[in-house]
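Report on one structure; see the data block that follows.
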Amino acid sequence: MFNIHTGFYCLAAILLQICVCSQFSVPSSHYFTEDPGAFPVASNGEPFPWQELRLPNVVIPLHYDLFVHPNLTSLDFVASEKIEVLVSSATQFIILHSKDLEITNATLQSEEDSRYMKSGKELKVLSYPAHQQIALLVPEKLTPHLKYYVAIDFQAKLADGFEGFYKSTYRTLGGETRILAVTDFEPTQARMAFPCFDEPLFKANFSIKIRRESRHTALSNMPKVKTIELEGGLLEDHFETTVKMSTYLVAYIVCDFHSVSGITSSGVKVSIYASPDKRNQTHYALQASLKLLDFYEKYFDINYPLPKLDLIAIPDFASGAMENWGLITYRETSLLFDPKTSSASDKLWVTKVIAHELAHQWFGNLVTMEWWNDIWLNEGFANYMELIAVNATYPELQFDDHFLNVCFEVITKDSLNSSRPISKPAETPTQIQEMFDEVSYNKGACILNMLKDFLGEEKFQKGIIQYLKKFSYRNAKNDDLWSSLSNSCLESDFTSGGVCHSDPKMTSNMLTFLGENAEVKEMMTTWTLQKGIPLLVVKQDGHSLRLQQERFLQGVFQEDPEWRALQERYLWHIPLTYSTSSSNVIHRHILKSKTDTLDLPEKTSWVKFNVDSNGYYIVHYEGHGWDQLITQLNQNHTLLRPKDRIGLIHDVFQLVGIPTDVLKIVYSVGAQTTTGWNYLLELYELSMSSAEKNKILYALSTSKHQEKLQKLLELGMEGKVIKTQDLAALLHAIARRPKGQQLAWDFVRENWTHLLKKFDLGSFAIRIIISGTTSHFSSKDKLQEVKLFFESLEAQGSHLDIFQIVLETITKNIKWLEKNLPTLRMWLLVNT
Ligand code: BES
Ligand code: ZN
C-alpha cells in the first residue's frame, strides 16, 4: 500500500431478526436524559439526541432505494433515497451518518402507510457535523419489531478531492478535457454521497438508479436491468438489487469510458473500463482478472455471487485500488498495462493489485470485519491471498520473492516502540484511516503465512473455506477466524486415525480438538494483540540448543536504561522451524516460554532457524552460530535454500541496525541536463501511459537543480500537469535527493494548510508526505525542528500516530550514527 507504485510506480427480506440483532454490540439510548446538558449541540443550536460516534443499534437498515442524478456540467448532484428499516426497541429518533450533504426533505412511512400508499410524515432533521451525523426526529415513538421507510431528498456538489462522490478529469488525445463522476467510500465516506448507516456491521441490500445524459454510461455494483428515456433526452439506468453488503462497498460512476469484456468459466461477465484513448492498455488486466476469478472460485469453493464484475481505471484516484463489490476502481497505473512502456515490475504490480481486489470480493465483501479495529481481516488476508493466487496463476512472476519483502518492509516499522498491535481500537474517521497501514497489510499477511506453514496448506485452505461459508453476508472477528482455522478436518485424518479437530465420535480427538482450538487462538493472539516482533537467540551447546526469546527493538540497546521496561510482559508463541547441517528435514517446535532447550538427535555443525523465512521472527546465533553458517556458505552455499540465505542476510542487517535506502540509488541520466529535463517534462504532459508517466516523474525528481525541483512541487500543487494524486509520492522522492531534502521539508511546513485542503488528515497521502519528508533526518537539530512542527500541529488539534513513528525513527537514526560513525570513518580511512 505504501508501495511506491501507488505514487510513481504505485501506492451482501429480513433475515431472522434475532440473527441481525445479535451482531450488534453498541448500547441503545433513550431520547434525552434528565440532563440535557449531557448532549451535544446540533448546528441549529438545539440539543442533538446522540453523543456517541458509533450509531445506536435500535434502528437497522434493511434496504436502500437510491436515486442519484449527477450533473457533469454544473458539477453537482441531486439525489433521493428510501431506506427500509427495522426497529428493535421504541425510539423517537433515527441517527444516520451524513457529511456535507444538503438535506432538503425527510419523511417517514410505516409499513402500513406504504402498503396503502399513504404519504409519509415530515421529519425534523438535526445535524451534528462534528460526528458526521444527522438525527431524524419522529413525531411518535417508533414501535419495536415494525418496519418503516425513511425517505430523504438531498443534494451536494461533486467533491473536489478523492472521497465520497467526486469529480475526476482526463485529457483526450485531441487535447479536450473531459469529466467523470466517481465514488470512493472506504472507510467512512459513503456518508458524503448519501445519508446512511455508515458502519460495516449495517449490511443491507441496495437498489440503485442513476440519471445521466445519453453521451455517458452509468456503472454500479450490479448489472443494469433497464434504461428509461425521460422527457428532454435524459436517460435513467436502473440496476439490479445488490446482495447484502456494507455501505463502504457501494459504488457508482458516470463516465464516457470504453471497455473490453470476457466471460469466466462459471459465466461471470468481466469488463475492463478505461478512458477511450487507453482502451488498448486494458487487455492484460482482462486476461489476468478472468484467470484470477476462476482461481478464487475454486480455491474458496464459493462462486463469485454477482453476475458481473467491472474493473475501471480512474484518472484521479487516492489509493492504489478499491474493492467495491462488482465495480472495482483502480488508479490507472494499477490496472493499465502498455506493452510498449510498462516494465516487468509494472506487470507484477498490476497482477498483484487485481489479485488483491479480487480476493476482497470474498475477504471483505462476502465476510466483513465487525469493526475497523480488525481491518487486518480484510487487508491482511487480501495481501496474503495475492501470494497464493499469483503463485498459482502466474508462477513466472516469482511472487514468492516479492512476498519476502512484504514481511521485511513491516519488520523495520514493527521493531520501533511506536508500532501498534494488529488489532487496535479506532473510533474517529482519522483513527480509522490510520488503521490502513503496513501493520494491517503486511504484518497481517506475514502472520497468516506463518500460520499456514504451521497448519499445513490443506488445513489452512479448509479453514478459510469454513470461515467464508459460515460468515457469508455477515461480519466476523478475529476469534471467528481462529475457530474456523483450528476446526478444519481433513479426510486423511479420518482414514489414517490421525488428529481430526472436530470428530465428535472420538473422545480423544475431541480433546485434541479443544486443545488445538485453544492452541491456535492462544498462539495467534500473541501476534495480533501484541505489537512488535520477537528475537530468537539460539546457542548451540553440544547436542542441545538453548533458546531464548526477547522483544526485538531497533535503536534500543541492552545497556540502555529503558531496555528492561520495554521487554516486560512481551511473550510470543513462536512456531519455530529449523534445519541442521546433518539433515535437511524441517524440524518443528513451539516456543511458548522465555527460554527453552531442544535436544538435537545428532551432532551438527550448524543449525538454521526460520526455514524459508516463513516465520515472523528474527534469529541471532550466539557463540559460534554465525561463524558456522558463514563457513557453510563459503564452502557450498547451495546447501542452504535461497529463502534461507535471504533470511540470514536480512536478519544480520536487522541485528546491526537497516539503512537500506543508501543501496537504492536510481540513476535518471537524461534528467541531469536542462535540455533533457525540459524534454522529459514535455513528454510527461503528452504521455498516454501512466506507467511511463511515473517513470518520467521519478527521473525529473532526481535533478540536482533546486529550481527544477521547486517547479515540480508547484506543478504538483496546481494539479494540472502533475495530478494532485501524485503529489505525496513526488514530495517523498524529492526529499530523498540531497538537493531536495530541505526544499521538500520547507514546502510541507509552508503549504500545510493548502495540503490539508487537498487531502484528509489521516489519509495515505498526508501520512506519506509527513514520513517521506522527515523520517530520513539524522541530526538533533532536525529532530528539534520536526518536534516543533508536530507540536504546532497538535496545538491546532491535528494528531496522527505517524508523528511518534517519525520522531522515534529520527532518534534511531541519530543513535545509529553516533554508534557507527567512528567505525565508518575508520573504514573509510582504511579503504579509501
Ligand atoms: N480497501 C483498500 C483501499 C483503501 C485503502 C481504502 C485505504 C481505504 C483506505 C484496497 O483494497 C487496497 O488495499 N488497495 C491498495 C492496493 C493493494 C494492492 C495493496 C492500495 O490502495 O494501496
Ligand atoms: Zn485491500
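Residue indices begin at 1 and follow the sequence shown. Just follow the structure's listing: the first ligand is 1, and inside any ligand the first atom is 1.
- Between Lys424 and Asp801 there is a salt bridge, since at least one side-chain N of the basic residue sits less than 4.0 Å from a carboxylate O of the acidic one.
- By the salt bridge (charged side-chain N to carboxylate O under 4.0 Å, His left out) test, Asp184 is found to be paired with no residue, residues two or more places apart in sequence or in another chain being considered.
- Residue contacts with ligand 1 include Ala321, since one or more of its heavy atoms lies under 4.0 Å from the ligand.
- Using a 30° and 60° split on the angle between ring planes, Phe790 and Phe803 fall in the parallel class, below 30°.
- Atom NZ of Lys167 has 12 or fewer neighbouring heavy atoms from other residues, nucleotides or ligands inside a 6.0 Å radius.
- For a distance threshold of 2.8 Å, the protein N, O or S atoms nearer than that to the Zn ion (ligand 2), listed by chain and number, are His356 NE2, His360 NE2, Glu379 OE1.
- Checked by distance only, ligand 1 and Met322 stay at 3.5 Å or farther apart across all their nitrogen or oxygen atoms.
- If you look at Glu323 next to ligand 1, the close heavy atoms, those under 4.0 Å, all belong to the side chain.
- The stretch residues 281-305 participates, sequence neighbours left out, in these salt bridge (Lys or Arg N to Asp or Glu O under 4.0 Å) pairs: Asp301-Lys469.
- Atoms of ligand 1 lying under 4.0 Å from any heavy atom of Tyr441, numbered from 1 in the order shown and given with element: 2 (C), 5 (C), 12 (C), 13 (O), 19 (C).
- Ionic pairing of Arg767 and Glu434 is not present here: no N-O contact between side-chain nitrogen and carboxylate oxygen is shorter than 4.0 angstrom.
- Between Lys413 and Asp437 there is a salt bridge, with a side-chain nitrogen of the basic residue lying less than 4.0 Å from a carboxylate oxygen of the acidic one.
- An N or O contact shorter than 3.5 Å is missing between Lys352 and ligand 1 by distance.
- At a 4.0 Å heavy-atom cut-off, ligand 1 touches Ser319 through backbone and side chain alike.
- For His360, every heavy-atom contact with ligand 1 shorter than 4.0 Å involves the side chain, none the backbone.
- Between His356 and His360, the angle of the ring planes goes over 60°, which puts this pair in the perpendicular group of the 30/60° scheme.
- For Phe194 and Phe77, the ring centers are positioned 6.0 Å apart or more.
- Of the N or O atoms in Val353, none lie within a sub-3.5 Å distance of an N or O in ligand 1.
- Contacts between Glu379 and ligand 1, counted as non-hydrogen atom pairs separated by less than 4.0 Å, involve the side chain only.
- Residues satisfying the side-chain contact (heavy atoms from CB on, under 4.5 Å) test with Leu416, not counting sequence neighbours, are Ser418, Gln554, Ile805, Glu808, Thr809, Lys812.
- Set against the non-hydrogen atoms of Glu357, the atoms of ligand 1 under 4.0 Å away are 10 (C), 11 (O), 12 (C), 14 (N), 16 (C).
- In this structure, the ring of Phe363 has its center less than 6.0 angstrom from the ring center of Phe381.
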